[in-house]
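Predicted, not measured: the structure shown is a model, and the values here were computed from it.
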Amino acid sequence: QVQLVESGGGLVQAGGSLRLSCAASGSIFSINAMGWYRQAPGKQRELVADITSGGSTNYRESVKGRFTISRDNAKNIVYLQMNSLKPEDTAVYFCNARIKTTRWGSFKDYWGQGTQVTVSS
């Protein structure tokens, strides 16, 4: 069984910063990409940023230059440093990881429970 546990959400004023963390634990053989998604009320879940096991990153256009994704492969943790936050960043943020639980198995998507980020104007 695999668990993704997020932390670091909260309420912040516009222009402020937050750092999200997501730790993967359980029966893990290998982790491929890890990433962060967000979902605002009434909207679809969208990719914020992701990072491969080799460290290649990808960001949605609206967060480039403000958010930084990183990971600690030894600890199976992915981070999202969010600076210059805007009210439109308000959403529930979900951690995602593509994980193989056995050597001969296939990679599957796992999700965290979500953490609320609220940016006040």
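- Rounded to the nearest 0.5 angstrom, K86 NZ and S62 OG are separated by 7.5 Å.
- For the pair L20 and E6, the minimum side-chain heavy-atom distance is 4.5 Å or more.
- Contact of the Q116 side chain with the T90 side chain is registered, since non-hydrogen atoms from C-beta on lie closer than 4.5 Å.
- Here the side chains of V63 and W36 are not in contact, with every heavy-atom distance at 4.5 Å or above.
- Clustering ILVMFWY residues whenever any of their side-chain heavy atoms sit less than 4.5 angstrom apart, transitively, puts Y59 in the very cluster that holds L18.
- Taking hydrophobic clusters as Ile, Leu, Val, Met, Phe, Trp and Tyr residues chained together by side-chain heavy-atom distances below 4.5 Å, Y37 does not share a cluster with I51.
- R45 is listed as a side-chain neighbour of W111, based on a closest heavy-atom distance under 4.5 Å.
- At a threshold of 4.5 Å between non-hydrogen side-chain atoms, the residues C95 and V78 count as touching.
- Separating the CG atom in N73 from the CE atom in M34 is a distance of 8.5 Å, to the nearest 0.5 Å.
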- Item | Worked verdict on T101 versus Y110 for side chain to side chain contact (heavy atoms under 4.5 Å, CB included) | CA-CA 11 Å; T101 57; Y110 291 86; 3.7 Å; yes
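- Of all non-hydrogen atoms in Q81 and S17, the two that sit nearest each other are NE2-CB, 4.0 Å.
- Note that OG1 of T68 and OH of Y79 are 14.0 Å apart. Values are rounded to the nearest 0.5 Å.
- Closest non-hydrogen pair, A97 versus L4, comes out as N-CD1, 3.9 Å.
- Residues M82 and R66 fail the side-chain proximity criterion, which asks for heavy atoms closer than 4.5 Å.
- One N or O on the side chain of R71 and one on the backbone of T52 form a donor-acceptor pair closer than 3.5 Å.
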- Task: Start with the C-alpha distance between N76 and I99, add both sets of side-chain angles, then the distance that settles side chain to side chain contact (heavy atoms under 4.5 Å, CB included), and finish with yes or no.
- Result: CA-CA 11 Å; N76 295 334; I99 295 174; over 6 Å; no
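- Rounding to the nearest 0.5 Å places NZ of K75 at 14.5 Å from OG of S25.
- Of the possible polar contacts, none joining the Q3 side chain to the G26 backbone as a donor-acceptor pair under 3.5 Å is found.
- Within the structure, salt bridge (Lys or Arg N to Asp or Glu O under 4.0 Å) pairs that include any residue of residues 108-121 comprise R98-D109 (at least two apart or interchain).
- Between G114 and V92, the shortest heavy-atom contact is CA-CG1, 3.8 Å.
- Between T102 and F29, every side-chain heavy-atom pair lies at or beyond the 4.5 Å cut-off.
- Hydrophobic clustering (side-chain heavy atoms under 4.5 Å, transitive across Ile, Leu, Val, Met, Phe, Trp, Tyr) keeps F94 apart from V48.
- Here the closest non-hydrogen pair linking S121 and A14 is CA-CB, 4.4 Å.
- Residue I69 comes nearest to G35 through the heavy atom pair CD1-CA, 4.1 Å, listed as atom of the first residue, atom of the second, then distance.
- With hydrogens and angles ignored, the 3.5 Å screen pairs no side-chain donor or acceptor of T115 with any backbone N or O of Y93.
- Following chains of ILVMFWY side-chain contacts shorter than 4.5 Å, one cannot reach V2 starting from I77, and the two form parts of different hydrophobic clusters.
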